[in-house]
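Only one structure is covered here, and it is reproduced in the block below.
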Number of protein chains: 2
Amino acid sequence: MKNKFTTPDGYTSDIAVFTITSESNGEYKPPIKKLKIMLIKRSELDHEGNPNSEAGKWALPGGFVRPNETAFQAAERKLLEETGVDGLRIKHFGVYDSPNRDKRGWIISNAHYVIANEAALKKRQTTYDASDIQLFTINKALELDLAFDHRTIIDDALWFIKKDMALTTLAKHFLPKEFVLSELQGVLLTVLDDPSISSDAAFFRKAPTLPFIEAVTENGKPKKSNAYSKTPAQLYRFTDFQPIVSVYKNKLKG
Amino acid sequence: MKNKFTTPDGYTSDIAVFTITSESNGEYKPPIKKLKIMLIKRSELDHEGNPNSEAGKWALPGGFVRPNETAFQAAERKLLEETGVDGLRIKHFGVYDSPNRDKRGWIISNAHYVIANEAALKKRQTTYDASDIQLFTINKALELDLAFDHRTIIDDALWFIKKDMALTTLAKHFLPKEFVLSELQGVLLTVLDDPSISSDAAFFRKAPTLPFIEAVTENGKPKKSNAYSKTPAQLYRFTDFQPIVSVYKNKLKG
DNA sequence: ATTAACGATTAACAAATTGTTAATTAAAGG
DNA sequence: CCTTTAATTAACAATTTGTTAATCGTTAAT
């Protein structure tokens, strides 16, 4: 189609892939959890052999959207192509379209974020060259010389994750099906900074009453785990309950 | 610039302008408030005299983004050009880029929404032909034959407004500087459906303790208004306090 | 001048939810 | 058996809800 409007020079889709890694902190202790983001090093040459824009810099996975797909579908495709990761919950969170954001021209980027359970990323490790695709802690990532305006995009993505973590049951996607309260606490603390979560006394008293998690039972008995403690700890799972929060009321239900 | 990627045929910016109208409900009664959306009737011919796409249908204000501006800036510009409305808080909430959403080709639209105090729209009424630009209640708007995928966009915008109304002090933008509790309640009820708001007993007991509003005083005395009742009612205003909500705790402070 | 009506508050109080501090518990490792 | 460590409970005062029943300050009608 021809039209008389100036049209963009490109339409891309970028994805911020977040995960929380668990690092053993000694036996019988809850592991240390850290929020990490997956970045890809831009190759020197593009797939046609020409020098690549922003070559050598670290960047978010992503690429050009094809005319027969949506940016969302492109995000799914790119994620699989570039990182070998599949089947995760992708969320759109913003558009980056400053006229000068890309030296190649007027290129609009749709930004998405993805929450990956650490296990889901394990597959990738073996399929791809680990030097070109790496997990960075947020602090490390923000110290890097990032391609385009990806630093801004990551900043924004972080803000969205924090919001989602506080307002929804997003934590579920960072946890195994059945988990122990200290694991939930650990996940929340990688992103949220709140005394009611960091104080054990407050958290352990309140958490069991949260309407969106329930204690797991087995043959009518509470199911417990010794994975991170000597004392068997109760296992919990998320229910389907979707909490509704509001500044005008306190209760999550009704 | 030339490049080897297929590029979009157009990049547009659409704006859902919401306002809450107050309709008198008799003397000494709180007025009836309704959430409305501003729509524009698409003209038969475009500005070059050619038949316009989706002519005659009602649509969101908006239009093509210029290469030297962002979609956000285009939204500001279009809003002023098409509706005479200026200086409002515009928020981006989504991208619409299904390959088939526009018969003219691959056209990507950025969707924004705006909250307009009813007074801000008054200006428009006098400057523009009222038959081509109108406020509709949400129900009426969704019954219309809307252009493109604007019905979907409006549905989504509504959802965002509800969320923002519940999670932030968005209500402030629908109210005068100083307002009475029943006005706040009226605004909330146009969008939210919650017994703790609709029940007078619950709302009037709780509202005065909300951390983000404060009673207005004048010469040390409480300032009251008789605008909607025989009994003088306390005036309130929003403070700068930004409530933080979380599914993991109840208090808005701290 | 009295009084009924009607929103807008206030009062009062039982019920439920917090925040805190101090026990308890179970298993590992001497 | 004793100590240590996390997980979990107990106990209780302090605070916050949900509800129902008064009050209060006008207006409009006897």
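On a predicted model such as this, the values are computed, not experimentally measured, just so you know. Atom set for the values below is all heavy atoms of this structure, side chains included, hydrogens, waters and symmetry mates excluded. Quick note on labels: first sequence line is chain A, next is B, and so on, each numbered from 1.
In this structure, NZ of B/Lys206 is placed 18 Å from C1' of C/dT10, rounded to the nearest angstrom. Between A/Phe204 atom CZ and C/dG19 atom P there is a gap of 16 Å when expressed in whole angstrom units. The distance from atom CD of A/Glu183 to atom P of D/dA6 is 15 Å, rounded to the nearest whole Å. Separating the CZ atom of B/Phe203 from the C1' atom of C/dT9 is a distance of 13 Å, rounded to the nearest angstrom. Atoms CD (B/Gln185) and P (C/dT9) sit 11 Å apart, rounded to a whole Å. The distance between atom CG of A/Asp200 and atom C1' of C/dT21, rounded to the nearest whole Å, is 14 Å. The separation between A/Arg205 atom CZ and C/dT20 atom C1' is 9 Å, rounded to whole Å.
Taking the six-membered ring for Trp and thresholds of 30 and 60 degrees, A/Phe72 and A/His112 have ring planes more than 60 degrees apart, a perpendicular arrangement.
Sorted by first and then second residue, the ring pair (Phe, Tyr, Trp, His ring centres under 6.0 Å) pairs with a member in residues 170-190 of chain B read B/Phe179-B/Phe238; sequence neighbours excluded.
When each of D/dT5, C/dG7, C/dT9 is scored by its nearest atom to the side-chain atoms of A/Lys29, the top-ranked nucleotide is D/dT5.
Using modelled atom types, one side-chain atom of A/Gln234 and one backbone atom of A/Val216 make a donor-acceptor pair closer than 3.5 Å.
Between the side chains of B/Tyr96 and B/Asp156, at least one donor N or O sits under 3.5 Å from an acceptor N or O. One side chain, A/Lys33 or A/Ser22, offers a donor N or O that lies under 3.5 Å from an acceptor on the other.
In summary, the aromatic rings of B/Tyr248 and A/Phe212 are positioned with their centroids under 6.0 Å apart.
Other residues, nucleotides and ligands contribute at most 12 non-hydrogen atoms within 6.0 Å of the NZ atom of B/Lys34.
Ion pairing between B/Lys78 and B/Glu81 holds under the 4.0 Å rule for side-chain N and carboxylate O.
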Subject >> Per-nucleotide protein contact string for nucleotides 22-28 of chain C, where B marks a base within reach and S marks sugar-phosphate only (heavy atoms under 4.0 Å, - for neither) >> reply: ---BBBS

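Within 4.0 Å (heavy atoms only), B/Ser182 reaches sugar-phosphate atoms of the nucleic acid but no base atom.
Listed in residue order, the members of residues 215-224 of chain B having a heavy atom less than 4.0 Å from DNA chain D come to none.
By the side chain to side chain contact (heavy atoms under 4.5 Å, CB included) test, A/Leu189 is found to be paired with A/Gln185, A/Ile197, A/Ser198, residues two or more places apart in sequence or in another chain being considered. The side-chain hydrogen bond (donor to acceptor under 3.5 Å, both in side chains) check on A/Ser196 picks up A/Asp194, with sequence neighbours excluded.
Across the helix from C/dA1-D/dT30 to C/dG30-D/dC1, the helix axis at one end is tilted relative to the axis at the other end by 10° (nearest 10 degrees, each axis from five pairs).
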